[in-house]
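Here is the naming used below: chain letters follow the sequence lines, and residue numbers restart at 1 for every chain.
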Amino acid sequence: MDALERVVKPKTKRAKRFLEKREPKLKENTKNAMLIKGGNANSTVTEVLKDIYAVKKPFAILYKKKNITRPFEDQTSLEFFSKKSDCSLFLFGSHNKKRPNNLVLGRMFDYHVLDMIELGVEKFVSLKDVKNSKCPEGTKPMLIFAGDMFDVNEEYRRLKSLLIDFFRGPSVPSIRLAGLECVLHFTAVDGKIYMRSYKVLLKKSGCKIPRIELEEMGPSLDLVMRRTHLASDDLYKLSLKQPKALKPKKKKNISHDVFGTTYGRIHMQKQDLSKLQTRKMKGLKKRPAEKSAEGGGSKPKKSKSA
Amino acid sequence: VEEVLAAAEEQEAEKRRSVTVEKELELEFDLGNLLALDRNPPAAAGLRGAGPRREAVLRALARDNTQLLVAQLWELPAERAGGAGGPLVAQLPEPTFRLPREKPPPRPRPPTRWEQFARLKGIRKRKRTSLVWDEQAKEWRRRWGYRRAGGDPARAWLAEVPEGADPEEDQFARLRREKQERVARNELNRLRNLARAHRAGTAVPAAPLHPTGHQSREELGHVARVARVSTASLGRFQPRLPKESAEPPSRSSGKKRRFEPLLGNLAAERSRQLELLRDMGSKKPVLDITRAVNKQLRQEEAEAAAAKGKKQSRRGKRGRRQQRVGRSSKKSGPRRQQQQRPAASGG
């Protein structure tokens with residue numbers, strides 16, 4: 001355990017728990033996001049940050065004060081924040097004449113910047129402007145990516161991975177089917193990315209699967225991709241590497257054939273064939289005459305017949 | 001009858017029509033992440049015009065995709081959580097979309113000096129009970145900590161003078177001093193283990209040749225040697241310290257790949273050849289079998305201890321006695337063999 005292997009060991013249980021939460025683990029915690037305002041953030045960008053915070057609660061931290069840094073030039077300030085608050089995702093908002101309504105979306109590996117993508121907000125409709133009912137905080141959203149750009153273009157592929165990472169929420173083993181309320185839909189068309197959030201209404205249909213009706217809810221953004229700072233291939237591969245212990249264990253002695261039949265293999269110990277339990281054939285039973293011939297016993301009981 | 005069946009089928013199809021969606025390319029689903037990827041190129045014409053029409057097109061597209069995703073989710077094995085009246089809960093599979101980790105996976109730490117020794121000797125950890133019976137208080141007390149079994153050591157009012165000790169010495173001071181020494185020694189060993197683990201973790205074979213404050217003597221020596229030879233003249237004209245050797249370290253200064261020059265020292269070559277002939281002619285074997293066997297036994301012991309520690313359950317003294325018997329028989333075996341062999345070669 002790494003908490004006990006520091007030069008200065010933690011003196012209280014609380015400190016030890018704090019350190020254990022932050023150390024590298026086999027199965028990791030849900031990624032936290034930090035939402036930071038730049039030195040010249042305007043109201044649009046601030047609204048965007050607030051809305052994204054509302055969507056990502058409680059796995060996000062919204063910083064109130066402005067921080068005068070430039071992510072693309074100097075990453076040390078971001079890395080310091082990431083280390084202090086144990087956040088591996090960040091969203092940095094700023095505004096200037098050359099890049100109006102700028103959002104830098106990024107993630108970290110081992111508290112160093114892995115990927116950063118700069119997006120410009122062209123149109124923004126906030127949570128407050130849409131007057132419908134909202135989803136409760138902390139619902140796991142459904143994510144849908146439409147458009148072939150997300151597969152063809154390398155930068156768009158990284159953006160897709162980044163967006164999934166950002167909005168994914170905690171990894172759960174099971175989910176309540178009636179609770180699937182929120183859906184985030186990303187469309188890549190004509191060099192623009194449209195992000196829309198909808199509330200899902202499950203209507204009765206004739207069969208088991210409900211009919212979906214969507215209601216506009218939540219923040220909707222029209223984004224344009226600007227600069228990118230993507231990690232080199234080998235660093236990205238290193239970050240994708242999962243330890244062997246997480247691989248699902250193969251079940252031995254089970255095989256499937258082409259037709260879908262499952263075969264299992266049982267290994268038996270050596271059986272004593274004389275003590276084998278077989279079906280009792282009445283015809284082969286020893287007759288009373290033979291039995292008395294072998295060695296006189298008590299009178300044989302009358303066999304019951306149907 | 002056929003009419004009725006056909007009518008029933010019509011109705012079924014009618015119902016299903018409301019939930020089916022037609023798409024050119026099938027969507028890709030990752031249900032563990034509640035993710036759906038649509039590869040179809042969207043209708044660019046509908047999306048070009050700004051305003052409510054675009055919103056409508058986007059919403060229709062989203063509705064279709066969501067319908068497909070929800071259909072997939074409803075196919076998953078579901079059960080009612082919390083009894084019959086509870087909510088319907090579906091089991092999600094593992095997420096398949098690969099996302100980068102937050103931090104690198106944890107590295108296994110190298111064993112400490114005690115752990116190495118214990119593994120070699122086959123010593124296993126004993127689990128002690130946390131409560132001990134205290135005769136004085138007639139109840140179960142902790143082994144250490146608040147209200148421990150032997151009474152509070154700070155309140156011990158009697159310290160016996162041990163047999164060979166000086167009668168004038170202050171026993172309480174001695175006990176206190178020894179405890180401080182023990183604590184300090186433990187702390188020193190812990191830090192040493194930490195430093196060793198840290199060095200083992202960060203020891204990079206192709207370390208850059210700039211000095212940090214934390215390199216060991218061997219590392220610095222190696223680095224100095226490499227730096228000396230890294231000039232255009234391969235270190236022949238480098239200024240050197242008074243006690244350093246005049247010729248630069250030759251390329252073949254390892255133990256294994258060392259080759260003597262062809263026409264060098266004639267006397268050395270002659271003596272080497274004569275020695276070789278002598279060894280070939282003598283009756284004594286060059287390989288000392290006893291030493292080799294003992295080395296092999298030591299290695300096997302270590303391996304066996306490691307394997308046994310993993311597999312076997314505790315057998316206590318019985319197991320250890322059996323091990324010793326087995327080991328002694330192994331030792332006498334090769335020795336007997338050695339006595340036989342010279343007899344055979346002699347005869």
R148(B), CZ atom: more than 12 neighbouring heavy atoms under 6.0 Å: yes
A71(B), part contacting chain A, at a heavy-atom distance under 4.5 Å: both
Separation of R63(B) CZ from E215(A) CD (nearest 0.5 Å): 14.5 Å
Minimum-distance pair of heavy atoms, taken over all atoms of V172(A) and L92(B): O-CD1, 3.7 Å
Whether R101(B) side chain and K27(A) backbone form a donor-acceptor pair below 3.5 Å: no
Atom CD of E178(B) with >12 non-hydrogen neighbours under 6.0 angstrom: yes
Side chain to side chain contact (heavy atoms under 4.5 Å, CB included) evaluation trace for T66(B) with Y198(A): CA-CA 10 Å; T66(B) 321; Y198(A) 299 104; over 6 Å; no
Under 3.5 Å donor-acceptor, E28(A) side chain and K103(B) backbone: yes
Contact leader toward chain A among L25(B), V89(B), N193(B), where contacts are heavy-atom pairs under 4.5 Å: V89(B)
Exercise: identify the closest heavy-atom pair between R98(B) and L240(A): NH2-O, 3.3 Å
Top of R168(A), M108(A), Q242(A), E216(A) for chain B proximity - count of heavy-atom pairs under 4.5 angstrom: R168(A)
Side-chain heavy-atom pair R39(B), F150(A) within 4.5 angstrom cut-off: no
Portion of F29(B) that has a non-hydrogen atom of chain A nearer than 4.5 angstrom: neither
Winner by heavy-atom pair count (cut-off under 4.5 Å) against chain B, out of T187(A), V189(A), I175(A): I175(A)
Pairwise distance OG(S82(A)) to CD(E102(B)) - rounded to 0.5 angstrom: 8.0 Å
Over 12 non-hydrogen atoms of neighbours within 6.0 angstrom of CD in E154(A): yes
Under 4.5 Å from a heavy atom of chain A, the part of L191(B) involved: side chain
Contacting region of E94(B) [heavy-atom separation from chain A under 4.5 Å]: neither
Top contributor to chain B contacts, counting heavy-atom pairs under 4.5 Å, from G147(A), A188(A), G179(A): G147(A)
Interface moiety of D165(A) toward chain B, non-hydrogen atoms closer than 4.5 Å: both
Electrostatic pair E55(B):R196(A) at N-O distance under 4.0 angstrom: yes
Part of S171(A) lying under 4.5 Å from any heavy atom of chain B: side chain
Proximity breakdown for N40(B) and chain A, heavy-atom pairs closer than 4.5 Å: backbone
CG-CG distance between L37(B) and D148(A), expressed to the nearest 0.5 angstrom: 12.5 Å
CD (E137(A)) with more than 12 external heavy atoms under 6.0 Å: yes
Largest heavy-atom contact set with chain A, pairs under 4.5 Å, which of P105(B), A90(B), P42(B): A90(B)
Heavy-atom pair of closest approach, residues L177(A) and W74(B): O-CH2, 3.5 Å
Contact origin within Y236(A) toward chain B - heavy atom pairs under 4.5 Å: side chain
Residue part contacting chain A, namely of P104(B), when any heavy atom lies under 4.5 Å: both
Note, Q67(B) side chain near I209(A) side chain (heavy atom, < 4.5 Å): yes
Contacting moiety of F109(A), where chain B heavy atoms sit under 4.5 Å: both
Interface residue of largest heavy-atom contact number with chain B, from K203(A), K160(A), K123(A), H112(A), under 4.5 Å: K160(A)
Closest heavy-atom pair and its distance - P100(B), K31(A): O-NZ, 2.9 Å
Residue part contacting chain A, namely of L194(B), when any heavy atom lies under 4.5 Å: side chain
Per-residue contact mode, P141(A) against chain B (heavy atom under 4.5 angstrom): backbone
Pick from L58(B), L27(B), D30(B) with the largest number of heavy-atom pairs that fall under 4.5 Å of chain A: L58(B)
Chain B contact via L89(A) - side chain, backbone, both or neither, heavy atoms under 4.5 Å: neither
Neighbour count above 12 (heavy atom, 6.0 Å) for R22(A) CZ: yes
K237(A), NZ: over 12 other non-hydrogen atoms inside 6.0 angstrom: no
Side chain / backbone / both / neither for R190(B) at chain A, heavy atoms under 4.5 Å: side chain
Chain B contact via K192(A) - which portion, at a heavy-atom distance below 4.5 Å: neither
Which portion of L180(A) sits near chain B, non-hydrogen atoms under 4.5 angstrom: side chain
When I164(A), L114(A), V152(A), V183(A) are compared by non-hydrogen pairs under 4.5 Å with chain B, the top option: I164(A)
Note, D222(A) side chain near R54(B) side chain (heavy atom, < 4.5 Å): yes
Neighbour count above 12 (heavy atom, 6.0 Å) for R113(B) CZ: no
V7(A) versus chain B, the contacting section by heavy-atom distance below 4.5 Å: both
Inter-residue atom distance D64(B).CG - H185(A).NE2, 0.5 Å rounding: 9.5 Å
Note, F145(A) side chain near L35(B) side chain (heavy atom, < 4.5 Å): yes
R176(A), part contacting chain B, at a heavy-atom distance under 4.5 Å: both
Closest non-hydrogen atom pair, P210(A) against V70(B): CG-CG1, 4.2 Å
